[in-house]
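In what follows, a single structure is set out as structure tokens and then discussed.
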Amino acid sequence: MLGPDTPILVLGGNGMLAYALKRALSRRRLTCTSVDREDTDLTDRTAVDALFDRVRPAVVFNCAAYTAVDKAEQEPAVANMVNGEAVGNIAYAAKRSDAKLVHVSTDYVFDGTATEPYKVDHPVGPVSAYGRSKLLGEQALQKQSPPGWCIVRTAWLYGPNGPSFPKTMVTLARKGVSLKVINDQRGTPTFTYDLAEALLNLVDADAEGIFHATNAGETNWHDFAAATFDVFNVEADLTPTTAAEYAADKPDAAHRPGYSVLDLSAYESATGKHMRPWREALQDFRDVTGGEP
């Protein structure tokens with residue numbers, strides 16, 4: 001259970017998820033040390049060890065990641081270093097410091113060929129450089145196995161204080177841009193505020209292992225865009241397209257899972273809590289941003 005005297009370290013502190021996590025901590029009257037890449041190079045084990053020696057955290061949330069999915073195809077070594085090697089460094093330091101590590105991973109570790117939500121123990125098989133780099137991070141963490149570790153896979157993340165699909169869609173629609181959005185890739189939009197609460201719930205429950213945490217339900221990118229326009233009351237010229245058609249127009253784009261809905265039962269069993277429906281969370285995002293995502 002997190003308490004007012006628990007030393008908490010948040011890595012990737014300037015990012016969209018860390019913003020939501022720090023908000024969630026503040027709402028519980030908890031404080032943390034927040035570190036971003038300008039402060040500490042997580043790919044440098046010596047620097048990471050020094051950070052842990054200084055902060056002496058009891059709980060660490062790793063929100064740091066290389067998230068440029070398409071760019072990772074051109075620079076996989078960089079993605080592997082940030083999403084793989086750096087996670088190994090963090091896990092090593094957490095083990096040495098006897099600190100609980102909560103690491104955020106992704107639906108992209110799966111191949112996207114399933115027809116029902118992926119359970120936490122489903123065989124992995126990433127189909128992109130980004131997905132492979134994130135799997136390296138999961139494996140590096142499990143190899144070190146710090147006390148009470150958690151890997152939390154999520155998907156289609158959006159929220160304030162960062163680039164996101166809803167923000168991009170609303171911005172382009174307001175400029176009058178005609179939009180073609182993929183309608184044959186299925187997943188679940190996840191509001192950062194809800195994921196942040198889920199991470200804290202797992203720590204409070206003293207959970208350990210691999211978990212999936214997204215909002216509830218599923219949709220495709222086209223219908224997610226349509227729901228966004230409805231919630232934000234934006235007129236848009238929106239038409240569906242297929243992943244194959246999109247790939248033909250952008251041959252350098254990464255291959256994305258066709259189906260990446262995640263099964264939430266492990267999270268629900270561990271915490272006794274449920275994730276709310278994605279449409280409800282999207283409305284809250286609109287309210288939080290005042291209609292300006």
Distance (rounded to the nearest 0.5 Å) between [X] [atom1] and [Y] [atom2]:
X      : Y      : atom1 : atom2 : value
Met275 : Glu280 : CE    : CD    : 11.5 Å
Thr242 : Lys180 : OG1   : NZ    : 10.0 Å
Leu17  : Thr67  : CG    : OG1   : 11.0 Å
Leu25  : Thr31  : CG    : OG1   : 8.5 Å
Phe110 : Ser260 : CZ    : OG    : 9.5 Å
Cys150 : Leu141 : SG    : CG    : 9.5 Å

Minimum-distance pair of heavy atoms, taken over all atoms of [X] and [Y]:
X      : Y      : answer
Gly15  : Asn161 : O-ND2, 3.9 Å
Ala198 : Ala213 : CB-CB, 4.1 Å
Gly217 : Val261 : O-CG1, 4.4 Å
Asp44  : Thr46  : OD1-N, 3.0 Å
Ala173 : Val234 : CB-CG1, 3.7 Å

(request) Begin with the C-alpha distance, continue with both residues' side-chain angles, and end with the deciding distance and a verdict on side chain to side chain contact (heavy atoms under 4.5 Å, CB included) for Gln139 and Lys134. (result) CA-CA 9 Å; Gln139 293 168 337; Lys134 292 294 286 184; over 6 Å; no

(request) Report yes if the distance between the aromatic ring centroids of Tyr130 and Tyr108 is under 6.0 Å, otherwise no. (result) yes

Do [X] and [Y] have side chains that approach each other closer than 4.5 Å (heavy atoms only, starting at C-beta)?
X      : Y      : answer
Arg153 : Thr106 : no
Leu42  : Leu11  : yes
Phe211 : Leu202 : yes
Leu2   : Asp204 : yes
Leu238 : Phe229 : yes
Arg28  : Glu197 : yes
Pro7   : Arg56  : no
Thr154 : Asp107 : no

Take atom [atom1] of [X] as the centre, draw a 6.0 Å sphere, and report whether it contains more than 12 heavy atoms from other residues, nucleotides or ligands.
X      : atom1 : result
Arg37  : CZ    : no
Glu235 : CD    : no
Lys22  : NZ    : yes

State whether the side chain of [X] and the backbone N or O of [Y] hold a donor-acceptor pair below 3.5 Å, judged by distance alone.
X      : Y      : answer
Asp184 : Ala243 : yes
Thr271 : Lys273 : yes
Ser128 : Gly131 : yes
Ser269 : Ser265 : no

(request) Check step by step if side chain to side chain contact (heavy atoms under 4.5 Å, CB included) holds for Thr33 and Val35. (result) CA-CA 7 Å; Thr33 298; Val35 174; 4.1 Å; yes

Would you list the atom pairs, donor with acceptor, under 3.5 Å between side chains in residues 71-82 and any protein atom, with sequence neighbours excluded?
unit_1, atom_1, unit_2, atom_2, d
Glu73, OE2, Ala129, N, 2.9
Glu75, OE2, Tyr66, OH, 2.7
Asn80, ND2, Pro76, O, 3.4

Quick check: is [Y] connected to [X] through a chain of hydrophobic side chains (ILVMFWY, heavy atoms under 4.5 Å apart)?
X      : Y      : value
Val152 : Ile90  : no
Leu9   : Ile151 : yes
Trp149 : Val48  : yes
Phe191 : Val170 : yes
Leu200 : Val60  : no

(request) Using a strict 4.0 Å threshold on nitrogen-to-oxygen distance, state whether Arg279 and Asp230 make a salt bridge. (result) no

(message) Looking only at side-chain N and O atoms, does Asn220 offer a donor or acceptor that is under 3.5 Å from a partner on Asn183?
(response)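 Checked: Asn183/Asn220 side chains show no N/O donor-acceptor pair below 3.5 Å.
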
(message) For a quick check under 3.5 Å, do His212 and Asp263 share a side-chain donor-acceptor pair by atom type?
(response)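 Result is no, nothing qualifies.
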
What donor-acceptor contacts under 3.5 angstrom involve side-chain atoms of residues 246-254, with partners at least two apart or in another chain?
none

(message) Taking salt bridge (charged side-chain N to carboxylate O under 4.0 Å, His left out) as the definition, give me every residue that meets it alongside Glu218, ordered by chain and number, with sequence neighbours left out.
(response)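 Glu218 satisfies salt bridge (charged side-chain N to carboxylate O under 4.0 Å, His left out) with Arg186 once adjacent residues are dropped.
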
(request) Give me the ring orientation class for Trp156 and Trp221: parallel if the planes are under 30° apart, tilted from 30 to 60°, perpendicular past 60°. (result)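 Aromatic pair Trp156/Trp221 classed parallel.
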
For residues 286-293, dump all side-chain donor-acceptor pairs below 3.5 Å to protein atoms at least two apart in sequence or in another chain.
unit_1, atom_1, unit_2, atom_2, d
Asp287, OD1, Gln283, NE2, 3.2
Thr289, OG1, Phe285, O, 2.9
Thr289, OG1, Arg286, O, 3.2
Glu292, OE1, Arg174, NH1, 3.0

(message) Let's go through Val59 and Thr6 carefully: what are the C-alpha distance in whole Å and the side-chain angles of both, what is the deciding distance for side chain to side chain contact (heavy atoms under 4.5 Å, CB included) to 0.1 Å, and is it a yes or a no?
(response) CA-CA 8 Å; Val59 179; Thr6 305; 4.1 Å; yes

(message) Could you go through Asn83 and Ser133, starting from their C-alpha distance and side-chain angles, then the distance that decides it, and tell me whether this counts as side chain to side chain donor-acceptor pair (under 3.5 Å)?
(response) CA-CA 5 Å; Asn83 291 340; Ser133 73; 2.9 Å; yes

(request) Could you name each residue pair satisfying salt bridge (Lys or Arg N to Asp or Glu O under 4.0 Å) that touches residues 84-106, not counting sequence neighbours? (result) Asp49-Arg96, Asp53-Arg96

(message) For Leu262 and Tyr118: C-alpha separation, side-chain torsions, deciding distance, then whether side chain to side chain contact (heavy atoms under 4.5 Å, CB included) applies.
(response) CA-CA 5 Å; Leu262 301 178; Tyr118 282 99; 4.1 Å; yes

(request) Identify, with sequence neighbours excluded, every residue that meets ring pair (Phe, Tyr, Trp, His ring centres under 6.0 Å) alongside Phe224. (result)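 Scan of Phe224 (ring pair (Phe, Tyr, Trp, His ring centres under 6.0 Å), adjacent residues dropped) gives Tyr158, Phe165, Trp278.
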
(message) Can you confirm if the NZ or CZ of Arg45 lies within 45° of the ring axis of Tyr92 and under 6.0 Å from the centre of its six-membered ring?
(response)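 The answer is yes; both the distance and angle limits are met.
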
